[in-house]
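Residue numbers start at 1 and run along the sequence shown.
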Amino acid sequence: MPADNLLVGLDIGTSKICAVIGEYDENDKLEITGIGKAPSTGLRQGVVINIEATMKAVTEAIEAAEMMSGREVFSVVTGIAGGHVEGINSRGVVAVAGKGREIAPEDISRVIDAAKAIVIPMDREVLHVIPQEFIVDDQGGIRDPLGMIGIRLESEVHIITGSVTSAQNLIKCVNRAGFRVDNVILQALASSKAVLRPEEKDMGVLMIDIGGGTTDVIVNYESAPYHTDVVPIGGKQITNDLSIVLKIPFDIAEKIKLESGCCYEPLVEEEDIVIPSVGGWPATYISRKKICEIIQPRVAEIFLMVKKHLERKNYLKLLNSGIVITGGGSLMPGVAQLAGEIFNLPVRIGYPAGCGGLVEEYRNPMYSTAVGLVMFTDEMREKFDKKVTLSNEINFFGRFKNWVKEFF
């Protein structure tokens, strides 16, 4: 199979790097045929701090996916996250210039350009411009105004910006590992593509992706994002709390968290677990309730920070479908119950779905972003094949390719 028919999603996270390979079967249906992961030590809160370590982990993850799929990877689509990512809403207005006042693709492009004409610092770049709705002569709620008759065309858009250098460093790591970066996509957008159902996005839903160093947040309403945010707390901070309180090494604390951790006390049974001997000190015992007492406040802090940000912008009222939690942190017992108690909304755990192939292997919340990157790219290819105007959708290809040429 030609390399161009492979879709490769690369999730470069704080605690792990995941690679997912998708390809088309004889019926032109997308299937996941390879997955790979590697420990990540070169990032802190989603930002590269060690290029060499990140490069090696990228190579290891992609090689594992290549071995499983039997395909060779040349290019990838990677995700971006971190505290530098910011989402803002904007509006653009233009006069319809088409013949007979019929709205043409050029009018839609102009109104999107008008909406994204905002002032941003020199060290930031527009990553995505996503239309929320169009308004034709004060008639709102229009998703596609193409072909309509009107005099005044307005657009409400969600603009996502990020640090220029953060994106460049991601690209440099992947390039030095021997792969080309076709595009960089916000991780929250990719995860939501993999785990959210269309009806949830239409009615209003909050997705919380709990990663190793950060927690990504996105609110979808009427099938468009209205709020994106990043909370600078993730699974590593929970492990660090256990390490400090129990006075044990980080790796042992991580093992205890994964094997015995729970973040909702009513679910915890009375049971003691063994803390292995460290540095000549004898092994000791600790109750699972004590571990929960350490973990639960930190997980609750994540949810309370998200809730506070949503309350400030009055977005809680949009969440008619409730909350979907995904990412590696969502696997901890009690996460859904704790979130439901804090938000007083229905909560479910988000598993990536929608593709065939290695269903059991990739249907894990830790692969949500990587699978979403593949699905996202597949959707955009379909749009291009149907010759849909790029500015109707997300500002997608080209920007980061120019960076690659300039810097590498």
Side-chain angles (χ1 to χ4, degrees), residues 9 22 29-32 79 87 89 128-135 139-146 155-158 160 185-210 215-229 303 306-307 309-310 313-327 330 335-337 339-340 342-357 359 362-365 367-383 386 388 392-394:
K29 180 177 175 58
L30 181 66
E31 289 187 336
I32 302 299
N89 296 319
H128 301 283
V129 180
I130 310 172
Q132 296 167 333
E133 71 166 336
F134 293 93
I135 304 165
Q139 176 61 52
I142 300 170
R143 295 185 182 178
D144 185 2
L146 187 64
S155 66
E156 299 274 0
V157 302
H158 188 65
I160 300 169
I185 296 171
L186 181 69
Q187 290 185 4
L189 281 178
S191 298
S192 63
K193 178 66 180 173
V195 304
L196 297 183
R197 300 164 185 149
E199 59 271 21
E200 288 176 328
K201 289 196 267 189
D202 188 50
M203 291 178 61
V205 63
L206 166 66
M207 189 206 71
I208 303 175
D209 186 341
I210 306 176
T215 296
D216 299 328
V217 178
I218 186 166
V219 173
N220 279 274
Y221 181 68
E222 294 184 344
S223 301
Y226 274 73
H227 173 73
T228 50
D229 196 11
F303 294 143
V306 173
K307 185 179 181 182
H309 292 173
L310 295 181
K313 297 192 175 183
N314 203 26
Y315 284 139
L316 283 175
K317 66 181 183 180
L318 302 181
L319 308 181
N320 299 311
S321 288
I323 301 170
V324 177
I325 304 177
T326 192
S330 68
V335 164
Q337 291 86 344
I342 290 175
F343 286 94
N344 195 29
L345 288 168
V347 180
R348 72 174 179 89
I349 303 300
Y351 291 82
C355 300
V359 177
Y362 77 78
R363 272 187 58 80
N364 186 312
Y367 292 117
S368 293
T369 298
V371 172
L373 290 169
V374 171
M375 295 173 66
F376 207 98
T377 308
D378 171 56
E379 182 182 61
M380 288 298 103
R381 282 194 176 187
E382 289 183 8
K383 303 285 186 184
K386 294 176 182 177
V388 174
N392 267 343
E393 305 296 327
I394 297 174

Would you list the atom pairs, donor with acceptor, under 3.5 Å between side chains in residues 195-204 and any protein atom, with sequence neighbours excluded?
unit_1 : atom_1 : unit_2 : atom_2 : d
E200   : OE1    : R197   : N      : 3.0
E200   : OE1    : R348   : NH2    : 2.9
E200   : OE2    : R348   : NE     : 3.0
E200   : OE2    : R348   : NH2    : 3.4
D202   : OD1    : R143   : NH2    : 2.4

*Under the side-chain contact (heavy atoms from CB on, under 4.5 Å) rule, what do N320 and V205 come out as? Steps first, then yes or no, please.*
CA-CA 7 Å; N320 299 311; V205 63; over 6 Å; no

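- Every residue meeting the side chain to side chain contact (heavy atoms under 4.5 Å, CB included) condition with L345, not counting sequence neighbours, appears here in chain and number order: L319, I323, F343.
- In this structure, D216 and D229 have side chains that are not in contact, with every pair of non-hydrogen atoms separated by 4.5 Å or more.
- The two residues N220 and S192 come nearest to each other via the heavy atoms ND2-CB, 4.3 Å.
- In terms of the side chain to side chain contact (heavy atoms under 4.5 Å, CB included) criterion, residue partners of Y351 (sequence neighbours excluded) are, by chain and number, I349, R363, P365.
- The minimum heavy-atom distance between Y367 and Y362, with the atom names listed, is CB-O, 3.8 Å.
- Annotation: the span from Q187 atom CD to I218 atom CD1 amounts to 12.0 Å, rounded to 0.5 Å.
- Applying the side-chain hydrogen bond (donor to acceptor under 3.5 Å, both in side chains) criterion to T228, with sequence neighbours excluded, gives H158.
- Here the shortest heavy-atom pairing between V157 and P131 reads CG1-CA, 4.0 Å.
- Using a 4.5 Å heavy-atom threshold, the side chains of V335 and F303 count as touching.
- Remark: Y221 OH to K317 NZ distance equals 9.0 Å, nearest 0.5 Å.
- In this structure, L373 and G9 approach most closely via the heavy-atom pair CB-CA, 3.8 Å.
- A search for side chain to side chain contact (heavy atoms under 4.5 Å, CB included) contacts involving K313 returns H227, Y315, not counting sequence neighbours.
- Between H309 and V217, every side-chain heavy-atom pair lies at or beyond the 4.5 Å cut-off.
- Side-chain contact check for Q132 versus E222: every heavy-atom pair is 4.5 Å or farther apart.
- Of all heavy-atom pairs between G350 and V324, the closest is CA-CG1, 3.6 Å.
- Scored by the side chain to side chain contact (heavy atoms under 4.5 Å, CB included) test, E133 finds I135, E156 as partners (sequence neighbours excluded).
- Between atom CD1 of residue I325 and atom CD1 of residue I208 there is a gap of 5.0 Å, rounded to the nearest 0.5 Å.
- Counting heavy atoms from C-beta outward, L206 and V306 have side chains that approach closer than 4.5 Å.
- Checked against side-chain hydrogen bond (donor to acceptor under 3.5 Å, both in side chains), S191 has the following partners two or more places apart in sequence or in another chain: D209, T369.
- Annotation for S368 and T326: closest pair OG-OG1, 2.6 Å, computed over non-hydrogen atoms.
- Looking at I32 and V374, their side chains come closer than 4.5 Å, going by heavy atoms from C-beta outward.
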